Amino acid sequence: VSTNTKIKLLCQPTHESWLQLALNNLDVILLDHSHCERKAAGVAMNMLSRYPSHESLIYQLTAIAREELEHFEQVNQWLQKKGIPLAPLKPSPYGATLKNAIRRHEPDQLLDSLLVSALIEARSHERLGLLADNCPDMDLAKFYRGLMASEARHYGIYWLLATKYFDRQIVDQRLQELARLESDILKNLHPEARIHS
Ligand SMILES: [Fe+2]
Ligand SMILES: [Fe+2]
């Protein structure tokens with residue numbers, strides 16, 4: 001796998017087999033990507049409702065929610081251009097497994113939500129980079145390259161928010177646990193092509 005970006009938060013880099021699966025199913029990847037962007041916007045929106053007096057969080061996540069919705073729109077324009085109809089798609093277990101790891105009481109729920117989002121953004125950044133480097137459609141590759149930069153910013157923002165509301169030591173320790181889980185989920189390649197197979 002030709003990745004020049006060793007992503008800081010991630011425990012393990014993506015395996016070559018994911019890239020092959022993705023390149024063999026670029027249409028499905030594009031459709032799944034549309035779902036990912038919509039969900040990313042939704043996750044940010046949910047946090048805005050859950051933490052209405054956390055000012056830094058509100059300011060930062062308002063911008064992220066808007067950007068993810070823009071990405072959603074842009075990916076959907078690609079779907080239209082390629083004649084791929086919008087349709088539901090069964091997700092890989094990745095998102096639900098990470099969501100289950102979020103503790104259900106505060107303040108742990110806030111910490112876990114921020115770190116899970118940071119990890120998902122970091123993995124998306126890494127994988128969009130792999131698609132940008134290897135996608136045979138040069139225009140689409142360019143599109144992936146552009147999104148990759150935003151996702152890098154997003155994972156930085158989620159991580160910074162975690163360090164704003166929690167002690168660095170607590171953040172680092174929990175991040176290590178969640179990063180290991182995140183990499184473990186991806187160890188067995190999900191047989192269907194998804195951004196997070
Ligand atoms: Fe995005
Ligand atoms: Fe993002």
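These numbers were taken from a predicted model, which means no experiment stands behind them. We count ligands from 1, going down the list as the structure has it; atoms in each ligand are counted the same way.
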Would the number of heavy atoms belonging to other residues, nucleotides or ligands and lying under 6.0 Å from CD of Glu106 be above 12? yes
N/O donor-acceptor pair under 3.5 Å between Asp137 side chain and Asp139 backbone: yes
Restricting to under 2.8 Å, identify the protein N, O or S atoms around the Fe ion (ligand 1) as residue plus atom. Glu37 OE1, Glu68 OE1, His71 ND1, Glu151 OE2
So that I can tick it off, tell me whether Asp184 and Arg180 are bridged by a salt bridge, with the cut-off set at under 4.0 angstrom between side-chain N and carboxylate O. no
Can you confirm whether Asn24 is buried at CG, in the sense that more than 12 heavy atoms of other residues, nucleotides or ligands lie under 6.0 Å from that atom? yes
Could you tell me whether His54 and Tyr165 have their ring centroids closer than 6.0 angstrom? yes
For the pair Phe143 and His33, name the ring-plane relationship: parallel under 30°, tilted 30 to 60°, perpendicular over 60°. tilted
